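To find a chain, count down the sequence lines: A is the first, B the second, and so on, and within it residues start at 1. Just the heavy atoms: all of them, side chains too, but no hydrogens, waters or symmetry mates, feed the values below. These numbers were taken from a predicted model, which means no experiment stands behind them.
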Amino acid sequence: MSDANVQVTAAVVPKTQKTRSLWSDAFHDLRKRPTVVISALVILVMLLIGFFPGLFNFQGQNPKACDLALTRGGMSGSHWFGFDEFGCDYYAQAIYGAGPSIQLAIIVVTATLLIGGLFGVLAGFYGGWVDAIFSRAVDVFNSIPFLLGAMLLLTMFRDWKIPGLGTRFQAIIPAAITLIIFSWTGTMRLIRASVIESRGLDYVQAARSLGASDRRIMFRHILPNAMAPVVSLIPLSIAGMITAEASLSFLGLGVRPPEITWGMMISTGAGYFTTGYPRLLLVPSAFLIITILAFVLLGDAIRDALDPKLR
Amino acid sequence: MGRYVIRRLLQAVLTFGVVMFLLHYLMSLAIQINGNPVRTFFGDKPVSPELLAATKAKFGLDDPCLSRVGDPCLNLFGKRMSDWASFDFGTNFNRADVSELILNAIPKTLQLFLIVTIVWVLFGITAGVLAAMRRGRFLDYLVRIGTTLTIAIPGFLLLILTQKIIGVWLGNWAREEFGRDSVLGIMFQPSYNARYPWLTLLVPGIVLGIFGIAGITRLSRTSMLENLRADFVRTAKAKGLRQRRVTIVHTLRNSLIPVITLIGFTLADALGGSVITEGIYGIPGMGKLAYDAVKKVDTPVIIAVTAILSVSYMLVNLLIDLLYAVLDPRIRYE
Amino acid sequence: MSDVKIKSEILPDADPTATLLRVEDLRVEFHTRDGIAKAVNGASFSVESGETLAIVGESGSGKSVTSQAIMGILESPPARIAGGEVLFHNVDLLKLGKERARRVRGNHVAMVFQDALSALNPVWTVGFQLSELFRQHRGMSKKDAMARSLELLDLVKIPAAAQRLKEYPHQFSGGMRQRVMIAMALALDPDLLIADEPTTALDVTVQAQIMRLLKEIQIERHMGLILITHDLGVVADVADKISVMYAGRIVEQAPVLETFATPAHPYTKALLKSIPRLDTKGQRLEIIKGLPPVLTNLPPGCNFAPRCAYAQEICTRELPVLATVAADRAAACHFSSEVIQDV
C-alpha cells in the first residue's frame with residue numbers, strides 16, 4: 001500500500017472507537033453477507049443429514065431394502081428420486097450416502113489439526129534438528145502426489161481389516177488414515193510458520209523471562225495465536241476432504257461397501273447418463289457439489305474476512 | 001547462489017532416498033500383512049509346496065523377511081534400487097514386463113501434461129492477472145466465481161460430465177452436422193482416439209488443467225494485487241514509464257515468481273488427476289496403467305507408476321527451485 | 001535530439017519566465033469504506049527555480065498526498081483530486097492528457113521516495129532501473145543508456161560505479177540505495193525535484209551526507225526542490241521557506257528563519273518545542289497532546305483547536321483562513337499576532 005494511503009487510513013480510524021477483536025470483527029462482517037448465511041444453512045442441513053439421516057427419510061424408505069424388479073424405476077410421490085439399478089430407493093441412498101463422507105471429512109480434519117498442530121508447534125518452537133527432521137518429513141510426504149499415494153496405500157491394504165471396529169468405522173477408517181497421512185503436512189507448515197513468527201514476540205519473551213515452562217509457553221501462549229490461520233481454513237479443508245473421498249470412492253478405494261457414498265453412486269450412475277437415466281448421475285452429483293460449494297463459499301468468506309486487504 | 005543450489009540438491013537427494021525406502025517398505029509390508037501374492041496365482045486350486053516355493057523364487061518373493069510383519073527387508077532394498085535404477089520394474093502378475101508397459105505409456109502422459117501446462121499458463125495466469133488489474137469489476141467477479149466453481153466441482157465429476165455432455169451430446173451433434181471426420185466431430189469425442197492423438201487429447205487435457213487452475217489463478221491475482229500497490233511500482237510510475245511497461249516489467253515480472261513455485265506443487269494434484277482423466281477417457285498413458293492396476297489390484301504396476309511419477313514430480317520441483325534462484329536475485333545472494 | 005529540445009516539446013505552452021511551480025487551492029479526497037477522507041483541503045504554495053520549500057507536518061497531515069498529487073501518481077480510486085491547480089511554468093499539470101502527464105514525470109518533475117529498499121524493484125539490477133529512463137524517454141541504445149547511468153552513479157558519488165551497476169538494490173547499503181534513488185530522479189535533468197522524507201529511513205550520519213548531496217546538486221543545477229519532512233532539524237539547514245501542514249491544510253507559510261525565530265501558528269510553535277536542542281539541554285521536551293483529527297469527519301472551526309494552548313471559543317466555531325501576518329508570512333490562526341509575540 002502506498003505510504004499516503006497508510007497515513008490516511010491510520011488517521012481515518014478513530015482511536016476512541018470500541019476496539020473489536022479480529023474474530024468478532026470478522027464475524028460481524030460475515031453475518032451480513034447472504035452467501036455466508038445461505039452456505040451456513042446448507043452446511044447445517046448437510047451435517048444433520050450426515051449424522052441423523054433418519055430425520056430426513058420422510059417416506060421411511062430403507063436404502064438397503066432393494067427390489068430388483070424396480071430397477072431404475074421412475075420418480076414418484078413416495079420415491080422422489082426413483083430407484084437405482086438394483087431397485088433401491090434413490091432418495092434414501094442419497095440421504096444415507098452423506099454420512100460416511102461427511103463423518104470421514106470431519107475425522108480427517110480434526111486429526112490433521114491435532115497431528116499437524118503438534119508437530120508444527122514442536123518444529124517451530126524448538127527449531128534446530130527437531131525442525132530439520134519434521135521439515136524433511138514434510139518434504140517426503142509432499143513428494144508423493146496425494147492421489148497416487150492414496151491409491152497405492154488403499155490398493156495394497158484393501159483387504160486389511162482393523163480388528164474390533166464396527167461396520168461404519170471399518171468402512172471409513174482405512175480411507176481416513178490414508179487421507180491423514182497425506183494432509184497433515186499442510187497444517188504443520190502453516191502452524192510452524194506462525195509459531196516461528198510469534199516465538200519472537202514480546203509477550204512470549206515476557207512469559208519466558210517470568211520462568212514459564214516450555215510446555216506452558218508453547219500451548220498457552222503461542223498455540224492459541226498460531227492456530228488462527230489454520231482454524232480459518234477448516235471449512236476449506238473439509239471441502240477438500242469430501243472431494244478427495246469422493247474421488248477415491250469413484251475409483252472404488254474410498255469408504256468401503258456396504259456403506260453408500262455419493263462418490264460410489266456417481267461412479268455407477270455415470271454409466272446410465274446417456275442411456276436414458278441421467279438422474280442416476282445428477283442426483284448424487286448435485287448433493288456433492290452443493291455440499292462442497294457451501295463449505296468453499298463459507299471458507300472463502302472467512303478467509304477474506306480475516307485477511308481483508310486482498311479481497 | 002552456489003550454497004543455495006548445493007543445499008537444495010542435498011535436500012533433494014535425501015528426500016529421494018527416503019521416498020524410495022518408503023515405497024520399498026510399503027511393498028514389503030503389503031506382502032507381510034496380506035499374504036504372499038504368489039498364492040493368488042493358483043486361485044482355489046491345491047498347490048504343492050514345491051511349486052509354490054519355485055514360483056515365489058521366480059518372482060523374487062521367497063525371502064523369509066516377507067513373512068515377518070514389520071520387517072523392513074533391508075536386504076531386498078539394495079537389489080530393488082539397482083533394479084529400478086536400470087529401469088527394471090520386474091513383471092506384474094500377468095507376467096507382462098512392467099518397464100515396457102511404462103515406456104509405452106510415457107509419451108501420452110507427456111502430451112497430456114503439455115496441454116495441461118499450456119492451460120495453466122494461458123488461462124490460469126492470464127485470468128488472475130486481468131482480474132487483479134480490473135479489481136472489483138465484472139471480470140474480477142467472473143474470475144472469482146469461476147475459480148470457486150472449479151474448486152467446488154470435484155475433478156472426476158467434471159470429467160464425467162464433460163465426457164457425457166461434450167463428448168456424447170455435443171459430439172453427436174457435431175458429427176451429424178459437420179460429418180464424422182470434421183475437426184469438431186473428432187475433438188468432441190467421449191474417448192481417446194489413436195488416429196487423432198492431439199485433437200482427442202485436447203478436451204480431457206483442458207479439463208485436467210482446470211483441476212488445479214483455481215489456485216494458480218488466485219495466487220496470480222493476489223500476487224499481482226500485492227505488487228500493484230508496492231512502492232517500486234509507484235516509483236516506476238514516477239519515472240514516467242508507460243503503463244504497459246509498469247505493468248509488465250515492474251509488476252508482472254515480480255508477481256510471477258511465487259506463481260511458478262505453485263505450478264510445481266499443483267503438478268502433484270494433476271498427476272493424481274491424470275489417473276482419473278486417462279482412466280475415464282481411455283488415454284493409454286501412465287495414469288491409465290494405474291487406473292487399470294487399481295481395478296485389478298496389480299500392485300507392481302501401481303508401485304512403479306507411483307515411483308516414476310513421484311520422481312518426476314521431485315525433479316520438476318527441484319528445477320523450479322533452481323529457477324526461482326534465477327528469477328529472484330534476493331535468493332541468489334542469500 | 002537534445003534533451004532540452006525533447007523537454008520543450010512535452011510542454012510547448014510552458015512559460016519559462018513564470019513561477020516554476022505554483023499550487024493553488026489543491027484538494028484531494030480519499031473514498032474509503034468509512035466515508036470520504038479529505039486528505040488535502042485547499043493547499044496553496046509555490047517554488048521558484050533554485051529555491052527549496054519544506055513542507056512539514058505529522059503523518060496524515062496530507063504532505064505526502066500533496067506531493068503525489070503534483071507528480072500525478074495518486075492511486076485513483078481511492079484518491080480523487082477534488083479541485084485546485086498545479087501550475088508548472090503556468091501549465092496546469094492536472095489538466096494534461098495521460099500521455100503528456102506521463103512524459104512530464106521524470107523529464108520535468110521527479111521524485112525521491114522515502115524507503116529506497118522498497119522503492120526500488122528487487123528483481124532488476126540498479127543499472128537496468130537507471131538505464132530504462134534513458135531508453136524509454138530518450139530512445140537510447142542499451143550501451144549509451146548504461147554509459148549515462150554510470151555517469152549518474154558517479155554524480156551521486158557511489159564508489160566502484162561500473163561494478164555496482166550490475167548489482168541488485170538489496171546488495172546496497174541504506175545510504176548508497178538512497179543515492180541510487182537520487183540518481184534515478186536526476187537522470188532526465190528535471191526542473192523540480194520532490195523529496196518525500198528522503199532521509200527518514202537512514203542513520204543520522206548518513207542523513208547529513210544525503211542532505212548535503214541533494215543540496216549541492218540542487219544548487220549546481222538550479223532546480224526547484226520540495227522537501228517533504230516531519231523533521232524540523234533538517235529544514236533549518238536546507239530550506240529557504242517552509243509550509244506547515246495540519247489535517248490537510250497549510251497553517252503557516254514563511255521564510256525559514258522567521259518561522260524558527262517567531263512561529264505564527266500554535267502548531268508550529270509546538271512542533272519547534274518538540275525538537276531536542278543543545279540550548280535546552282536538561283529540560284524536558286514538550287510533546288503535542290492529543291491526536292490529529294479524523295479526516296472523514298472534520299469538525300467545523302479550527303482543526304487544531306482541541307490540542308491548542310491558545311484556543312478560545314471562536315476557534316471551535318470559525319475556520320481561520322490563511323492570512324498575511326507580516327511581510328512574506330501567512331498563518332491560519334485567529335490569534336497569530338499573539339502567538340508571534342509570545343516567545
Side-chain angles (χ1 to χ4, degrees), chain A residues 1-5 135-137 139-160 236 239-240 242-244 246-247 249-253 263 266-267 269-270 273-274 278 281-282 284-285 288-297 299-300 309-311, chain B residues 11-12 14-16 18-19 22-23 26-27 29-30 33-35 144 148-149 151-157 160-161 163-164 168-169 190 221-222 225-226 229 231 234 265 267-273 275-276 279-280 290-291 293-295 297-299 302-303 305-306 309-311 313-314 317:
Chain A
M1 193 185 277
S2 77
D3 188 38
N5 293 4
S135 297
R136 289 295 79 74
D139 278 357
V140 168
F141 284 96
N142 283 349
S143 298
I144 304 172
F146 156 73
L147 201 59
L148 285 173
M151 271 170 37
L152 178 64
L153 279 181
L154 290 168
T155 314
M156 284 183 150
F157 299 102
R158 80 188 310 160
D159 301 322
W160 182 54
L236 290 175
I242 295 177
T243 310
S247 309
S249 272
F250 172 73
L251 290 170
L253 294 171
I266 291 170
S267 179
F273 186 72
T274 45
L281 172 61
L282 294 182
S285 305
L288 184 64
I289 292 177
I290 289 171
T291 309
I292 299 173
L293 191 60
F295 278 107
V296 169
L297 287 175
D300 276 356
K309 69 176 190 289
L310 296 172
R311 190 182 289 162
Chain B
Q11 280 176 6
L14 182 70
T15 312
F16 175 78
V18 178
V19 168
L22 272 183
L23 289 178
L26 264 179
M27 271 179 96
L29 205 60
I33 291 181
N34 292 332
R144 238 193 290 170
T148 307
L149 283 181
I151 297 174
I153 303 177
F156 76 94
L157 189 50
I160 295 174
L161 291 174
Q163 186 195 30
K164 305 296 178 198
V168 179
W169 288 351
R221 178 177 175 273
T222 44
L225 277 181
E226 227 161 63
R229 56 177 79 160
D231 285 354
R234 194 181 53 186
F265 289 132
L267 186 64
D269 293 340
L271 285 172
V275 175
I276 295 175
I280 289 179
Y291 183 84
V294 166
K295 305 268 166 193
V297 201
D298 194 347
T299 319
I302 304 180
I303 286 263
V305 170
T306 308
L309 292 186
S310 298
V311 170
Y313 172 64
M314 274 186 259
N317 275 293

Is [Y] close to [X] at the side-chain level, that is, under 4.5 Å between some pair of heavy atoms?
X	Y	value
B:L149	A:L293	yes
A:M156	B:I303	yes
B:V18	A:R136	no
B:I280	A:F250	yes
B:T15	A:N142	no

Max heavy-atom pair count under 4.5 Å with chain B, selected residue of [options]:
options	result
A:L154, A:T291, A:T155, A:L297	A:T155
A:G240, A:A294, A:S247	A:S247
A:A239, A:A246, A:A137, A:G252	A:A246
A:I289, A:V296, A:I290, A:L282	A:I289

#### Entry: Distance in Å, A:L152 CG paired with B:L22 CG, rounded so as to fall on 0.5 Å steps
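A:L152 atom CG to B:L22 atom CG measures 10.5 Å (nearest 0.5 Å).
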Check each atom of [X] against the heavy atoms of chain A and say whether the ones under 4.5 Å are side chain, backbone, both or neither.
X	answer
B:L157	side chain
B:L161	side chain
B:I160	side chain
B:V168	side chain

Under 4.5 Å heavy-atom distance to chain B, tell me which part of [X] shows up: side chain, backbone, both or neither.
X	result
A:D300	side chain
A:V140	both
A:L236	neither

### Message
side-chain contact (heavy atoms from CB on, under 4.5 Å), that's the test. Do A:T243 and B:I151 meet it? Break it down for me.
### Response
CA-CA 9 Å; A:T243 310; B:I151 297 174; over 6 Å; no
### Query
What pair of heavy atoms forms the shortest contact from A:S143 to B:S310, and how long is it?
O-CB, 3.6 Å
### Query
Which atom pair, heavy atoms only, marks the closest approach of A:M151 to B:V275?
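Taking every non-hydrogen atom into account, SD-CG1, 3.6 Å.
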### Most contacts with chain A, counted as non-hydrogen pairs under 4.5 angstrom, among B:L23, B:L26, B:L271, B:L14
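Most pairs with chain A among the choices: B:L26.
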### Task
Among B:M314, B:Q163, B:K164, B:M27, single out the residue with the greatest number of heavy-atom pairs under 4.5 Å to chain A.
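Most pairs with chain A among the choices: B:K164.
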### Result of checking A:I266, A:I242, A:I292 against B:P154 for side-chain contact (heavy atoms from CB on, under 4.5 Å)
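Among the candidates, only A:I292 passes.
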### Message
Checking A:L147 against B:I276 for the side-chain contact (heavy atoms from CB on, under 4.5 Å) test, could you report, in this order, the C-alpha distance in whole Å, the side-chain angles of both residues, the deciding distance, and whether it holds?
### Response
CA-CA 10 Å; A:L147 201 59; B:I276 295 175; 3.8 Å; yes
